[in-house]
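Here, residue 1 is the first one in the sequence, and each next residue gets the next number.
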Amino acid sequence: MNWWETEFLAVKDNMLWIAGQSAESLAGRYGTPLYVYGKERILERYARLDDVLARHSPLPAHICFAMKANPHRGILRLLQRRGAWIDAVSPCEVETALKAGFPAERILFTGTSVSRADLRRVFAIDGLAVNIDAAEQLDLMSEVRRAEFPAKSIRVFVRWNPGIGRGFNAGIITAGKKSSDGTPVKFGVEDKKVIGVFARARRLGFHPVGLHQHLGSGWVREDFGMVQTAVDRLVRKAREVEKAGFPLEFLDFGGGFGPRYLKNRSVFPLEDYVAYLSAAVAGAGLSVKALAIEPGKYMVGDAGVLLLGVEYVKESYGKIFACVDGGTFNTVPRPAIYLQAHHEIVNASRIDGQAKARITVAGNLCETGDIFGRERSMPLPISGDVLAVLCAGAYCRSMASNFNLREIPREVLI
Ligand code: LLP
């Protein structure tokens, strides 16, 4: 069995099958490039997390799907019916979640660098909890509330920056003073300002209800120690906030854990994490009534693949290229954006074969970096083969652009 096989992906007759259908038949029916998402896999991920939380958490726990990972309507509906919550980062995400059936009470708005126009849109939605990402954001919030919603009770929660962050790439470490490459981190309220933000929010007529952090994305096992430290910091800070006279309804630990993208990459110990944070909260004597976590990648990452058609196989200066009918920026942009992002690629038409070669899977955009995978060992493709780029369920369609005026592929949820 290949390391990437799940109930979503299987090998039959040396070909790739996706949720019980052959990749070739899906490609034939819908055309390539094509995103294919699996309902059962998403529900399995949700159920597993729900189960782990139910077994460990001393309090009800809200699984807030970070819909920026994949806002596909069918996926949202699926999770809505299971009782999920939503982490939305723009007014349009909030409105999309409402249209998919999420009640506003189950949506957290966690925008950054928010505008007055954003605030007008989100304050208009009754029951939505709005994140405060900066002490200075309160000026805008107060201005908009006074002008347009003076009588409204608006629930707010504070995203703080615990001073440490963790992620697989400098660009997505979202806490700490600086990212791993020295970039100043723009997110959250710094430690010493947190109590002041709670106090000012209340003075201005807002109703502060929660404390939030998000450290970054793409944790592996080696990150667990740092993540534990950050959990301790959040719980300690929550105690301080409550002592200062602000009882909290919920503590939000953010997202960050995900699927396995690479055979040799360790997997973050999800259950140990949930057990750890549950114990930390249980022993803290807080008045908190619920926990929240915001998984994006975990929920949908390995429940999606991108199918590509091989147009021709080219040899140049001793290298072999499988030239495919999609471009990274329009489909799976992660490897073109993040040096460390790896997506496994399998030849869905011939999973295994004697004639293995080192293949560079090249897209159809005018960029040298438009490469899905570089010199990967796989059976030599032929024109007409279907390649599958794995783990394409998260941050692929949602980050795809029309660069070169190429279309963004169709999506099917099966
Ligand atoms: N909550 C907040 C406030 C976030 O900003 C994020 C992601 C999440 C939750 C979900 O994180 P996850 O569980 O998916 O790691 N484009 C990048 C990922 C950026 C994530 C940014 N924030 C990528 O393709 O790897």
- Side chains of Arg120 and Glu148 in contact at under 4.5 Å (non-hydrogen atoms): yes
- Electrostatic pair Arg121-Glu95, nearest N-O below 4.0 angstrom: yes
- Item | Side-chain donor-acceptor contact under 3.5 Å, Asp232 with Tyr276 | yes
- Message: Rounded to the nearest 0.5 Å, what separates atom CZ in Arg406 from atom OG1 in Thr328?
- Response: 12.0 Å
- Message: Do Ser398 and Asn70 pair up side chain to side chain, a donor and an acceptor below 3.5 Å, judged on atom types alone?
- Response: no
- Taking the six-membered ring for Trp, is the centroid-to-centroid distance between His342 and Tyr261 below 6.0 Å? no
- Message: Any donor-acceptor pair under 3.5 Å linking the side-chain atoms of Arg233 with those of Gln213?
- Response: no
- Where do Gln80 and Leu76 land on the side-chain contact (heavy atoms from CB on, under 4.5 Å) test, with the steps shown first? CA-CA 6 Å; Gln80 194 281 118; Leu76 294 180; 5.9 Å; no
- Grab the two heavy atoms, one from Ala292 and one from Cys64, that are nearest each other, plus how far apart they are. CB-SG, 4.1 Å
- Message: Before we go on, tell me: are the rings of Phe321 and Tyr312 under 6.0 Å apart, centre to centre?
- Response: no
- Task: Answer yes if the ring centres of Trp219 and Tyr273 are under 6.0 angstrom apart, and no otherwise.
- Result: yes
- Task: Quick one: do Arg55 and Glu271 satisfy salt bridge (charged side-chain N to carboxylate O under 4.0 Å, His left out)? Show the steps, please.
- Result: CA-CA 10 Å; Arg55 280 189 286 110; Glu271 178 145 11; 2.6 Å; yes
- Query: Does the distance from a Lys or Arg side-chain N to an Asp or Glu carboxylate O, for Glu190 and Lys177, drop under 4.0 Å?
  - Reply: no
- Message: Walk me through whether Val130 and Arg155 qualify under side-chain contact (heavy atoms from CB on, under 4.5 Å).
- Response: CA-CA 6 Å; Val130 178; Arg155 289 154 53 80; over 6 Å; no
- Taking 4.0 angstrom as the limit, do Glu240 and Lys237 come out as a salt bridge? yes
- Heavy atoms only: give me the nearest Ala357-Ile320 pair and the separation to one decimal. CB-CD1, 4.0 Å
- Message: Is it the case that the side chains of Arg334 and His343 hold a donor-acceptor pair, with the cut-off being a distance below 3.5 Å and no angle test?
- Response: yes
- Ser113-Lys186 side chain donor-acceptor pair, cut-off 3.5 Å: no
- Query: Cation over ring, Arg145 on Phe206, under 6.0 Å and within 45°?
  - Reply: yes
- Item | Val310 side chain near Val313 side chain, heavy-atom distance below 4.5 Å | yes
- Query: About how many Å separate CG of Asp252 and CG of Leu291, when rounded to the nearest 0.5 Å?
  - Reply: 9.5 Å
- Query: With a 4.5 Å heavy-atom cut-off, do Pro335 and Ile371 have their side chains touching?
  - Reply: no
- Item | Between CG on residue Asp385 and OG on residue Ser349, distance to nearest 0.5 Å | 4.0 Å
- Note on the structure: Interatomic distance, SG@Cys391 vs CG@Leu262, rounded to 0.5 Å, equals 9.5 Å
- Query: Can you name the closest pair of heavy atoms from Ala303 and Ile42 and give their distance?
  - Reply: CB-CG1, 3.5 Å
- Lys68 side, atom NZ; Lys297 side, atom NZ - distance, nearest 0.5 Å: 10.5 Å
- Message: When you compare the side chains of Ser383 and Glu311, does any donor N or O come within less than 3.5 Å of an acceptor on the partner?
- Response: no
- Is any side-chain heavy atom of Leu251 less than 4.5 Å from a side-chain heavy atom of Val281? yes
- Aromatic ring proximity, centroids under 6.0 angstrom, Tyr37 and His72: yes
- Message: Measuring from atom OG of Ser180 to atom CG of Asn169, what distance do you get when rounded to the nearest 0.5 angstrom?
- Response: 7.0 Å
- Query: Side chains of Arg202 and Phe246: closer than 4.5 Å at any heavy-atom pair?
  - Reply: yes
